[in-house]
Every structure is written in C-alpha cells, then in structure tokens.
Amino acid sequence: MADLTPTHISWQPSVNAANHHTNRYANTELTVRRGQAFNITLYFNRPRQNGESLGFVTEIGPSPSESHRTRAAFNLSEGGGSGWSAAQGPSDSGSMNFTITSPANAVIGRYNLTLRVTSGNKIFSRYLGQFVLLFNPWCPGDDVYMSNENERQEYVLNENGIIFVGNARYIEARGWYYGQFQDLLNICLTMLDLSLYYRQDPAMDVSRRGDPKYVGRVISSMINGNDNDNGVLLGKWQGSFHSHENPSRWDGSVVILKKWRQDNYRPVQYGQCWVFAGVMCTVLRCLGIPTRLVSNFNSAHDVDRNLSIDKYYDSSGRSLNISKDSTWDYHVWNESWFIRPDLGRSYSGWQVLDATPQEQSRGIFQCGPASVLAIKEGEVDLDYDTLFVYSEVNADCNRWIVYNDGTKKRVYCDTEIIGRSISTKAVGSNGRVDVTANYKYPEGSSEERRVYKKALAKILGTSVTEGRTDSPEGRPSETMRNPGIAGKFKLAEPPVFGKDINLILVLSNLSSDRKSVRVDMSASTILYTRRAVAEILKAATSVELGPKQGKQIRVKIPYTHYGRYLTTDKRIQVTALCEVMRTHGLRLLVEKTIILEDTNIIIKIPRRVVVNKAVSLEISYANPLPEPVSRCVLLVTLMNQQVKINLARLAPRERSKIYFEFTPRRAGPLQLQVDFSCDKFSHVKGFVTIAVAPA
C-alpha cells in the first residue's frame with residue numbers, strides 16, 4: 001500500500017483571517033495570531049488506516065531547536081511541553097480537518113509546517129508550507145493583550161494616524177498613513193533578520209522574538225540607519241535636502257518602507273523624529289504590538305545626564321550654540337502596550353520606544369522600552385533608557401549669560417518648562433488627548449519635586465535636598481539675583497507667513513524704586529529643534545520704569561527680513577536681554593518662539609461618500625506672500641497612492657482651487673492628504689478623514 005501522503009492543503013484563508021483579525025493583510029500566505037487556534041484541511045492520496053498516527057512539526061529560524069523554542073513536534077490530541085497542540089475535526093474519506101493551536105508566548109515570524117506520519121516503526125515527513133505567526137492583543141495569555149476592543153481597533157488595526165506638532169502654545173495636527181496592511185509584512189520580517197542582533201547570534205535572536213520588549217527594542221534600532229545595519233531611515237536636521245527628500249515631504253510609512261526594499265535595504269534619506277515614529281508605529285502594528293505616537297512639547301535632550309538642560313547667551317542676548325544639551329519644540333516617539341515581567345507587573349502597560357537616533361544605548365542607536373509608570377515615579381535605573389526619557393519630560397532648564405571673560409552667570413532655573421502638553425491621538429477620533437499626567441506629577445507639586453530629587457539621587461548616588469547650582473562643567477558659578485522686573489513678549493496679532501510680525505515686549509517694574517533698563521533684542525529663524533538658522537533682527541533700546549510701572553516696547557519683523565531665511569519649520573525665536581542699570585549687572589532674559597501660520601489648505605467633501613461610487617472633492621490652496629509664486633505643485637495622497645498635479649503660477653495673496661475625483665474601494669475611514677509646494681515655500685499640509693459608507 002502506498003504511504004499516506006498529503007496531495008493538497010487548504011489553509012482556509014477566509015475563515016482563519018476573519019477569526020484572527022488578519023483579513024486586511026495584502027500577503028497571500030496564511031497569517032494568524034499566537035495563542036489562538038487556526039484550521040487547515042489536508043487532502044490525501046488514500047484514506048487513513050488504523051495504526052497510522054499523525055503529528056505536526058513547526059520550525060522557525062536558521063537553526064530550529066526545541067531548547068530555543070524554535071521547533072515543536074506534537075501529535076494529534078497531545079499537548080506537549082512546547083505549548084503547541086493539534087486536534088482532528090470532522091473529516092471525510094478524502095480529506096481531514098485539523099485545528100492547530102500555538103502557545104500565547106510563541107516566537108513570532110514565518111514558520112515551516114510539516115506533517116509527520118507514523119505507521120508501525122516507520123516515520124516519514126511531508127512539508128506542507130509556510131505560515132506567519134503574529135502577536136495577539138486579543139489573547140489574554142499574550143504579553144501584548146489589550147482588553148478594550150475600541151483600543152485594539154485604534155492601536156492595532158487603524159491605518160490612519162494623527163501626529164501632533166508645533167509647540168506647547170500652538171499645537172497642530174498632521175495626518176499620517178501607517179498602512180500596516182499594505183504588503184509590508186515581508187518587509188517587517190526582513191527587518192528583524194537584518195538587525196545587528198540577528199547578525200551576532202541568529203539562533204538566539206529568533207528565539208527571543210516571542211518577547212515584545214525585545215522585538216520593540218530591535219525595531220527601534222532598525223528604523224534608523226545610524227549603526228551601519230541597513231536601517232530604514234537616515235536623519236537630517238539642517239542643511240540642504242537637495243537630491244533627497246525633505247523630511248516634511250513624507251505623509252506616510254508605506255512609500256518609505258517600499259523604497260527601502262527597492263533600494264536593497266539602503267537607508268532612505270531623510271527623516272526627522274515624526275517620520276521615525278510614524279514608520280516604527282507601522283512596523284509594530286504590522287507585527288501585532290499595540291502602538292501609538294506620542295508628542296512631547298518642550299522636549300529635552302540631556303546629554304550629560306544630570307537632569308539639567310543648559311542654554312547659553314552672550315551679553316547682548318544672542319543664543320550661543322556651545323551646549324550639547326538641547327530643547328526641541330516637540331519630539332515624537334512611540335508607546336507600545338505590553339507587560340513587563342522583568343520589572344514587575346506594576347510597570348506593565350504603555351512603554352516608550354524611540355527610533356530617532358539621539359543617543360546610543362548599550363552601543364547601539366536604540367531607545368526603550370521604558371515603562372511610562374517608571375518614568376513618572378523617577379525609577380531612572382530601570383531598563384531600558386528610563387533616565388533618558390525621564391530627562392526628556394522632566395529635566396530642569398537653566399539659562400546662562402556668558403561674558404567676554406568666560407564668566408557664566410545663571411539667569412534663572414525653570415523647573416516647569418520641560419515636558420508640556422504631552423499628546424496622542426484619541427481612540428476612535430482625530431481629537432487630541434493630553435497624557436502628561438501619565439509621565440509626571442503636576443508641575444509645581446510636592447510630588448513632582450520629590451520624584452525629581454529621587455531621580456537625581458539615583459544618578460549621583462547620594463541624597464538630594466536642593467537643586468544643583470554648579471555650572472555644567474562642575475565649577476562654582478554665580479546665580480543671578482532677581483532683577484526686580486518682569487517681562488514677556490506678546491503678539492499684537494496672529495503671526496501669518498508672508499506678513500510682517502508685530503510684537504510687544506511688556507516690561508513691569510516689580511519694586512517701588514525707579515529703574516533704568518537697557519534692552520538688547522535679537523531674533524533668528526530656527527528649526528523645530530531650536531537650532532538657529534540665521535539672525536534676522538538685532539536692536540537695542542532703553543526704557544525708564546517708575547515704581548510699579550509697566551511699559552510696552554513694540555517690535556516689528558518685516559517679511560522682507562525673515563522670508564528668505566525660513567525653513568519648512570517656519571519658526572522664529574525672539575530674545576530680549578534686559579539689564580537693570582546701576583545694579584552690578586542684574587538681568588532678565590525674555591524669550592518667545594513664534595510659529596508662522598500657513599494659509600490653510602481647504603478640502604471640501606460631499607456629505608455622503610459611498611464605496612465603489614465616484615466622488616469629487618474641492619481642494620483650495622493659496623499664495624500668502626506679497627509676491628507671485630511659480631512652479632506650483634499639489635500632491636494628493638490616498639492610502640499609498642499619490643497623484644502629482646502641476647498648477648499655474650499664483651499672483652500675490654491669490655487663492656485658487658481644483659476638483660479631484662476618485663472612487664473609494666473599501667468602506668470605513670479613509671485619510672486624504674494634500675501637500676502644496678512652489679518656488680518660494682514648500683510642504684504646506686492639509687488632510688481630511690473621510691467616512692466611506694458601505695454600498
């Protein structure tokens with residue numbers, strides 16, 4: 001009699017994909033989630049005889065072994081130590097139905113499945129094919145289990161995202177298309193195999209892929225290309241982007257990841273923080289780890305790790321780039337949801353992962369996972385990179401004046417400015433949710449200072465009762481006394497790109513003594529990282545303040561002064577150094593960062609949009625400048641499809657519009673993004689989320 005041999009396999013793709021929430025993946029091979037049963041049907045050359053027993057073997061990685069949990073052999077209706085099991089369902093004479101269940105902590109990735117037939121003393125195997133196993137947020141036994149279905153829909157299945165940018169006083173929403181189901185799964189799995197971790201020990205690396213904190217850390221190292229590891233993106237924050245892509249050009253992850261593959265896994269040029277975060281969110285959601293983007297406003301980069309950000313100015317108030325520390329207007333990272341048995345269950349939940357290459361962690365540009373709760377409680381000695389993230393949200397900020405002889409005086413220490421309006425997208429809507437309270441206690445509270453001192457004590461190895469007053473170099477320095485005046489910049493009107501900027505410096509005498517004040521003002525165009533690009537204003541004046549008196553100084557920055565020096569960040573920083581005369585140099589430093597408002601792109605959609613029916617949108621765009629613009633281009637992006645539309649030149653202050661027609665092919669939310677550029681400015685953004693109704 002011929003050996004019992006399978007002639008055909010049905011992976012039952014429709015049923016399995018629906019049960020495992022994988023029906024939107026574009027790849028054709030079976031894709032299922034761990035800890036949950038899936039079904040297959042095998043067709044044989046003849047009926048199975050008594051005495052013939054069946055079993056299965058699953059293998060993954062280059063050197064599968066049971067000791068590494070990358071190989072499992074299991075017979076029907078027998079649960080082995082591996083956690084894999086199989087059972088036979090109702091069958092007929094020509095075929096057999098089987099249910100195979102993986103353990104909830106199984107290694108994720110692409111498996112080989114083999115049938116093992118035992119007949120008497122004879123054992124032979126038949127290779128059946130491959131399937132992909134992912135993390136399973138629907139499985140209570142999985143480390144990434146998330147109990148709320150609305151949150152699973154948002155953080156695992158939603159392909160449309162919102163990134164919050166701007167600054168703490170002017171927060172803007174930017175659309176981002178994650179597209180985790182758009183034929184990216186093979187790219188994401190290849191990414192794991194290209195990592196330095198895999199190169200160092202392939203068998204051990206694969207065996208650890210059942211652990212979401214390990215996978216998240218590996219992915220954070222692979223999204224950037226700073227370690228010569230075939231990473232996805234190179235970062236660039238200043239200089240020219242000619243012959244490569246300006247980071248502001250990107251609207252989603254799909255085109256970046258596909259370009260990376262098409263270029264034989266050479267890093268795509270260029271990205272900045274929100275691009276790194278958007279791409280990492282795509283990869284982690286694709287692999288099944290619940291993930292979201294988080295924007296931290298006034299985000300610190302504490303290079304010397306003393307929980308203090310030091311900013312220097314010369315005696316006329318001009319910013320000096322002599323500190324390695326920095327404060328960005330905003331920084332975007334990821335949070336992923338999983339348990340932390342290595343730290344204790346109380347530190348489970350949201351974990352910070354950051355792919356932007358700022359600092360090396362254990363010799364590699366990677367960051368996290370850092371427990372959000374550990375950050376809030378100042379447990380800066382816990383894995384991974386908790387100290388770095390704690391500094392980003394809760395460092396103190398020192399401002400120093402550097403005199404010509406090298407002497408430094410600290411103008412003030414701000415304990416509340418870092419880590420403002422920490423934001424993420426709301427579940428089920430495009431709204432903004434403030435999650436600052438997840439990261440720290442209220443600024444100014446005794447709890448916040450207690451945690452800060454605890455964190456600093458862990459760094460210094462001693463108890464801390466007061467904040468540090470030494471200079472960053474460790475030499476004693478003089479902290480400047482209160483000058484007895486207060487000041488702030490106010491905008492006389494909203495700052496609009498293309499128009500003059502009108503500011504008011506309001507100075508107030510807080511004392512009963514008359515004061516003469518010299519004011520040195522400067523303004524520079526800056527990047528969102530607050531690095532200066534070009535100085536556009538320098539002026540000095542004096543003002544007399546009577547007892548308890550306030551006065552206003554008007555400041556005008558014409559468009560002709562700033563227009564040619566702006567970057568796509570459209571930011572200007574204004575500084576006033578106010579010296580109270582005859583007080584041995586008492587000074588007040590006043591700063592303001594201005595984000596120029598773009599003329600809005602307006603997208604008008606019909607009241608009802610139905611799947612498989614053509615729809616026409618009205619898109620209007622404008623030239624906000626007092627001069628004509630040419631080489632106008634509109635990029636319209638739907639999912640991963642982009643249309644480039646060349647437009648006529650625009651006269652000064654002119655607004656125009658086009659009509660754009662498309663046919664949606666799937667019901668549900670659909671994000672449409674618009675990007676307008678011309679010869680004088682680039683990458684003015686607009687987006688809208690369209691609710692596509694079923695037919």
Side-chain angles (χ1 to χ4, degrees), residues 34-35 69 103-108 135-137 139-148 151 155 197 204-205 207-221 280 284 287-292 294 296 302 305 307 333-355 358-395 419 422 424 435-441 447-448 450-461:
R34 65 184 190 175
R69 297 179 57 254
N105 63 350
V107 168
I108 61 103
F135 291 102
N136 191 353
C139 175
D142 197 308
D143 286 355
V144 304
Y145 173 64
M146 181 171 264
S147 60
N148 185 288
E151 291 182 348
Y155 300 132
Y197 291 88
M204 180 59 70
D205 170 72
S207 74
R208 298 184 66 185
R209 293 182 187 175
D211 181 354
K213 69 178 182 293
Y214 178 79
V215 171
R217 190 160 172 81
V218 171
I219 294 300
S220 81
S221 75
M280 184 153 71
L284 294 175
L287 297 176
I289 301 177
T291 303
R292 65 187 185 184
V294 171
N296 177 40
D302 179 20
R305 305 196 174 199
L307 303 188
W333 59 64
N334 299 91
E335 286 180 355
S336 291
W337 179 273
F338 46 83
I339 66 170
R340 291 299 299 269
D342 58 319
L343 304 181
R345 291 276 175 169
S346 62
Y347 295 105
S348 298
W350 289 116
Q351 313 289 322
V352 171
L353 289 159
D354 191 350
Q358 297 184 85
E359 296 272 340
Q360 286 188 331
S361 172
R362 302 185 185 180
I364 299 175
F365 282 98
Q366 58 191 349
C367 183
S371 164
V372 171
L373 181 61
I375 295 163
K376 182 173 184 176
E377 295 298 335
E379 303 293 352
V380 296
D381 52 342
L382 296 183
D383 286 339
Y384 296 88
D385 307 307
T386 307
L387 170 59
F388 184 80
V389 184
Y390 179 88
S391 297
E392 289 184 300
V393 301
N394 214 20
I422 305 175
T424 192
V435 294
T436 308
N438 293 354
Y439 281 85
K440 57 184 179 179
Y441 291 97
E447 293 95 338
E448 186 274 333
R450 173 186 61 81
V451 170
Y452 180 88
K453 291 173 182 177
K454 179 173 76 171
L456 192 56
K458 286 177 178 287
I459 298 169
L460 301 177

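No option in Thr386, Asn334, Asn296, Val389 other than Val389 meets the side-chain contact (heavy atoms from CB on, under 4.5 Å) test with Val352.
Closest heavy-atom contact between Gly35 and Cys139: O-SG, 3.7 Å. Between Cys367 and Phe388, the closest heavy-atom pair is SG-CD2, 4.1 Å. Thr436 and Gly419 make their closest contact through CG2-O, 4.0 Å (heavy atoms, listed as atom of the first residue, atom of the second, distance). Of all heavy-atom pairs spanning Ile108 and Arg209, the tightest one is CG1-O, 3.2 Å. Contact record, Ala374 with Leu382: CB-CD1, 4.1 Å, taken as the closest heavy-atom pair. For Ser391 against Asp302, the heavy-atom pair with the smallest separation is OG-OD2, 3.4 Å.
Between Tyr439 and Trp333, the angle of the ring planes lies from 30° to 60°, which puts this pair in the tilted group.
We find the CZ-OG distance between Phe365 and Ser221 to be 11.5 Å, quoted to the nearest 0.5 Å. Put simply, OH on Tyr441 and CG on Asn394 are 11.5 Å apart, with the number rounded to the nearest 0.5 Å. Atom CG in Asp142 sits 4.0 Å away from atom CZ in Arg34 (nearest 0.5 Å). From Glu335, atom CD reaches atom OG of Ser371 across 10.0 Å, with rounding to the nearest 0.5 Å. A distance of 11.5 Å separates NZ in Lys440 from OH in Tyr452, rounded to the nearest 0.5 Å. A distance of 13.5 Å separates OG in Ser336 from CZ in Arg217, rounded to the nearest 0.5 Å.
When side chains are defined from C-beta on, Val144 does not count as touching Asn136, because their heavy atoms never get closer than 4.5 Å. Side-chain contact between Met280 and Ser220: present, with at least one pair of heavy atoms (C-beta onward) separated by less than 4.5 Å. At least one side-chain heavy atom of Leu307 sits under 4.5 Å from a side-chain heavy atom of Leu387. Side-chain atoms of Arg340 and Gln351, non-hydrogen and from C-beta on, do get closer than 4.5 Å to each other. Contact check for Asp205 versus Tyr214: side-chain heavy atoms found under the 4.5 Å cut-off. Side-chain contact between Val215 and Phe135 is present, with at least one heavy-atom pair separated by less than 4.5 Å. Proximity of Glu359 to Arg305: side-chain heavy atoms (C-beta onward) are separated by under 4.5 Å at one or more points. Val451 places none of its side-chain heavy atoms less than 4.5 Å from the side chain of Lys376.
With respect to Glu379 and Lys454, a salt bridge is recorded, a charged nitrogen being found less than 4.0 Å from a carboxylate O. Taking the charged nitrogens against the carboxylate oxygens, Asp383 and Arg362 do have a contact shorter than 4.0 Å, which makes a salt bridge.
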Inset, instruction - Would you check, one step at a time, whether the test side-chain hydrogen bond (donor to acceptor under 3.5 Å, both in side chains) holds for Asp385 with Gln366? - result: CA-CA 9 Å; Asp385 307 307; Gln366 58 191 349; over 6 Å; no
Legend entry - Pair Val294-Ile422, side chain to side chain contact (heavy atoms under 4.5 Å, CB included): steps then yes or no: CA-CA 7 Å; Val294 171; Ile422 305 175; 3.4 Å; yes
Inset, instruction - Given side chain to side chain contact (heavy atoms under 4.5 Å, CB included), test Ile289 with Ile219 step by step and report yes or no. - result: CA-CA 12 Å; Ile289 301 177; Ile219 294 300; over 6 Å; no
Legend entry - Glu377 and Tyr390: CA distance, side-chain angles, deciding distance, side-chain hydrogen bond (donor to acceptor under 3.5 Å, both in side chains) verdict: CA-CA 9 Å; Glu377 295 298 335; Tyr390 179 88; over 6 Å; no
